[in-house]
S.K.: 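Dropping the structure in here first, questions after.
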Amino acid sequence: MSKNRRKEMTFLEKMAKLKHAGFENAKMIGQQSIDLSSIEELDERIKQILGILSVTNRNPLNMLFFVMYDIESDKVRYQIVKYLLKKGCHRIQRSIFLADLDTRNYEEIRSSLAEVQSCYDNHDSIMIVPVSTELLRSMKVIGKTIDVDIITKSKNTLFF
């Protein structure tokens, strides 16, 4: 008994289909009932960052990096959000993701986003910024519900 299951399209296949249909006229591909434009509360996002920083035995092949974008098309942005979440990136702000992934996944994300960016006429920009754990630990978060700096540098202990 064989099941007639549809093969799930890859991110680039979805983007090629959107391009072929024209971004303005194309239907959303694989749109689910979840609203990908909403994000978790700020304290939850901070917990995710702290969770990444608290891992003591990080894979030495992993790298931390931000993915930031300014994309006009809702359809393209929707597909990129889904792709980044599926790849294991953490949504820090509406258009900013933080990832702690191995270099193979970093390169795959970089090349996929570059291919998407080049496949249609746009004024969009996508930035991928590697960051060290030390720099991430010195990050300050200023938000509506949080009025403290989130500085995770451990305090120095002086021994006399």
Side-chain angles (χ1 to χ4, degrees), residues 6-53 55 58-59 61-146 149-150 152:
R6 295 178 100 182
K7 181 184 166 207
E8 184 177 342
M9 288 191 292
T10 66
F11 171 64
L12 292 176
E13 289 171 338
K14 290 176 185 174
M15 297 309 297
K17 190 171 182 177
L18 274 176
K19 178 187 174 193
H20 180 71
F23 288 104
E24 298 307 317
N25 301 324
K27 293 187 326 185
M28 291 284 205
I29 297 170
Q31 184 176 16
Q32 301 171 349
S33 60
I34 57 171
D35 180 11
L36 292 178
S37 65
S38 65
I39 57 176
E40 296 179 11
E41 294 294 323
L42 180 59
D43 55 341
E44 273 305 311
R45 291 178 275 148
I46 291 171
K47 283 180 189 173
Q48 289 179 354
I49 295 170
L50 294 175
I52 290 171
L53 289 171
V55 174
R58 287 184 62 230
N59 182 341
L61 298 178
N62 276 18
M63 58 187 297
L64 290 167
F65 59 95
F66 285 104
V67 178
M68 302 173 258
Y69 55 75
D70 186 8
I71 297 172
E72 293 177 347
S73 167
D74 291 341
K75 293 169 186 168
V76 172
R77 193 172 47 250
Y78 177 83
Q79 292 299 327
I80 288 178
V81 168
K82 279 181 55 176
Y83 173 70
L84 292 173
L85 290 173
K86 188 174 181 177
K87 294 300 286 180
C89 299
H90 301 274
R91 198 171 194 178
I92 304 303
Q93 293 192 348
R94 288 192 189 277
S95 59
I96 300 175
F97 287 78
L98 175 64
D100 181 18
L101 299 172
D102 61 38
T103 52
R104 183 183 57 78
N105 277 305
Y106 168 81
E107 284 300 326
E108 183 180 329
I109 289 171
R110 187 199 57 73
S111 66
S112 295
L113 295 178
E115 190 170 331
V116 168
Q117 176 67 16
S118 66
C119 80
Y120 69 104
D121 187 27
N122 64 73
H123 301 296
D124 300 343
S125 63
I126 301 171
M127 292 184 237
I128 301 175
V129 181
V131 63
S132 69
T133 53
E134 286 70 30
L135 286 173
L136 191 58
R137 283 190 171 100
S138 67
M139 182 170 68
K140 296 180 180 186
V141 178
I142 302 167
K144 291 179 184 174
T145 58
I146 294 179
D149 293 340
I150 304 298
T152 58

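Quick caveat: nothing in here was measured; it's all calculated off a predicted structure.
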S.K.: About how many Å separate CD1 of I96 and CG of L84, when rounded to the nearest 0.5 Å?
M.R.: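 L84 CG to I96 CD1: 12.5 Å, rounded to 0.5 Å.
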S.K.: Does K19 use its side chain to pair, donor to acceptor, with the backbone of C119 at less than 3.5 Å?
M.R.: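 Checking the backbone N and O of C119 against the side chain of K19, a donor-acceptor pair under 3.5 Å is found.
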S.K.: Evaluate the side-chain proximity of T133 to R58: yes if any heavy-atom separation is below 4.5 Å, no if none is.
M.R.: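 Of all side-chain heavy-atom pairs linking T133 with R58, at least one is under 4.5 Å.
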S.K.: How long is the gap from CD1 on I80 to CD1 on I109, to the nearest 0.5 Å?
M.R.: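 Between I80 CD1 and I109 CD1, I get 11.5 Å after rounding to 0.5 Å.
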S.K.: A side-chain contact here means heavy atoms from C-beta on lying under 4.5 Å apart; do L113 and Y69 qualify?
M.R.: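 No, too far: nothing below the 4.5 Å cut-off.
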S.K.: Roughly how far, to the nearest 0.5 Å, is CG of L61 from CG of N105?
M.R.: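 That separation rounds to 11.5 Å.
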S.K.: For the residue pair M68 and Q93, establish whether any side-chain heavy-atom pair is separated by less than 4.5 Å.
M.R.: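 Side chain of M68 against side chain of Q93, heavy atoms only: no contact under 4.5 Å found.
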S.K.: Can you name the nearest heavy-atom pair linking G51 to V55, along with the distance?
M.R.: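 For G51 versus V55, the nearest heavy atoms are O-CG2, 3.3 Å.
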S.K.: Taking all non-hydrogen atoms of both residues into account, name the closest pair between E8 and E13 and its distance.
M.R.: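 The answer is O-OE1, 4.3 Å.
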S.K.: What's the spacing between I49 CD1 and L136 CG if we round to 0.5 Å?
M.R.: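 Answer rounded to 0.5 Å: 6.5 Å.
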S.K.: Are E40 and K47 close enough that some pair of their side-chain heavy atoms sits under 4.5 Å apart?
M.R.: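 No, their side chains stay 4.5 Å or more apart.
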S.K.: Hey, could you give me each pair passing ring-ring contact (aromatic ring centres under 6.0 Å, His included) that has a residue in residues 83-112? Not counting sequence neighbours.
M.R.: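 Checked against ring-ring contact (aromatic ring centres under 6.0 Å, His included) - neighbours excluded - the pairs reaching residues 83-112 are F11-Y83, F65-Y106.
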S.K.: To the nearest 0.5 Å, what is the distance between OG1 on T103 and CE on M63?
M.R.: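 The CE atom of M63 is 7.5 Å from OG1 of T103, to the nearest 0.5 Å.
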S.K.: Please, which pairs that meet salt bridge (charged side-chain N to carboxylate O under 4.0 Å, His left out) have at least one residue in residues 110-129, sequence neighbours excluded?
M.R.: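 Found E107-R110.
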S.K.: Check whether R91 reaches the backbone of L85 with its side chain - one donor and one acceptor, N or O, closer than 3.5 Å.
M.R.: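 Checked: no pair found.
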S.K.: For L101 and C89, work out which heavy atoms get closest and say how close.
M.R.: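 So the two residues come closest at CD1-SG, 4.3 Å.
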S.K.: With a 4.5 Å cut-off on side-chain heavy atoms, are I71 and Y78 touching?
M.R.: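 Contact flag for Y78/I71 side chains = no.
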S.K.: With sequence neighbours left out, what residues match R77 under side chain to side chain donor-acceptor pair (under 3.5 Å)?
M.R.: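 So R77 forms a side chain to side chain donor-acceptor pair (under 3.5 Å) with D74.
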S.K.: Could you measure the distance from the CE atom of M15 to the NZ atom of K75? Nearest 0.5 Å is fine.
M.R.: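 With rounding to 0.5 Å, CE (M15) is 11.0 Å from NZ (K75).
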S.K.: Before accepting this row, confirm whether a basic side-chain N of the pair K87/E108 lies closer than 4.0 Å to the acidic partner's carboxylate O.
M.R.: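 Judged by the 4.0 Å cut-off on N to carboxylate O distance, K87 and E108 do form a salt bridge.
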